[in-house]
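Below: one structure, written as structure tokens.
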Amino acid sequence: MHCKEWSPEKDKGYAVLFGEGVAPWRQLFDAAEHGGGIEYYLIEQEGSRFSEIETAQKCLARFAQRMARSGFCFVL
């Protein structure tokens, strides 16, 4: 599943980090895990106010938090 965050704010758009936008991740994860045939998740990030490595770390941490809040186990 290709995961990309988005914000309706004109100056932010796709530049927000995973978990900072408006995507309904709980519902998306639930659909993917229960009948969607999910095999993997891919997080895409367009630009950031942080360095590349810090952006990746923050996005991965937020992804793990969102998965846990949705009731799914995720191991880093």
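- Looking at Met1 and Tyr40, their side chains never come closer than 4.5 Å, going by heavy atoms from C-beta outward.
- Between Cys59 and Arg62, every side-chain heavy-atom pair lies at or beyond the 4.5 Å cut-off.
- Distance CG/Leu28 to CD1/Ile38: 10.0 Å, rounded to 0.5 Å.
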Worksheet item: Stepwise, does the side-chain contact (heavy atoms from CB on, under 4.5 Å) test hold for Tyr41 with His2?
Response: CA-CA 6 Å; Tyr41 292 94; His2 183 152; over 6 Å; no
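- Residues Leu17 and Ser48 meet the side-chain proximity criterion, which asks for heavy atoms closer than 4.5 Å.
- The six-membered or imidazole ring of Trp25 lies away from that of Phe63, with a centre-to-centre distance of 6.0 Å or more.
- Put simply, the side chain of Lys4 does not reach to within 4.5 Å of the side chain of Phe18, judged on heavy atoms.
- In this structure, the side chain of Glu5 engages the main chain of Ala23 through a donor-acceptor pair within 3.5 Å.
- A distance-only check finds no donor-acceptor pair linking the side chain of Glu46 to the backbone of Tyr14 [under 3.5 Å].
- Taken together through direct or relayed side-chain contacts under 4.5 Å among Ile, Leu, Val, Met, Phe, Trp and Tyr, Phe29 and Ile43 form part of one hydrophobic cluster.
- More than 12 heavy atoms of other residues, nucleotides or ligands lie within 6.0 Å of CD in Gln27, so this atom counts as buried by the packing criterion.
- Considering only heavy atoms from C-beta on, Pro8 comes within 4.5 Å of Val22 through its side chain.
- The only member of Lys58, Arg66, Arg49 that meets salt bridge (charged side-chain N to carboxylate O under 4.0 Å, His left out) when paired with Glu20 is Arg49.
- The heavy-atom pair separating Gln45 from Ala15 by the smallest distance is NE2-O, 3.4 Å.
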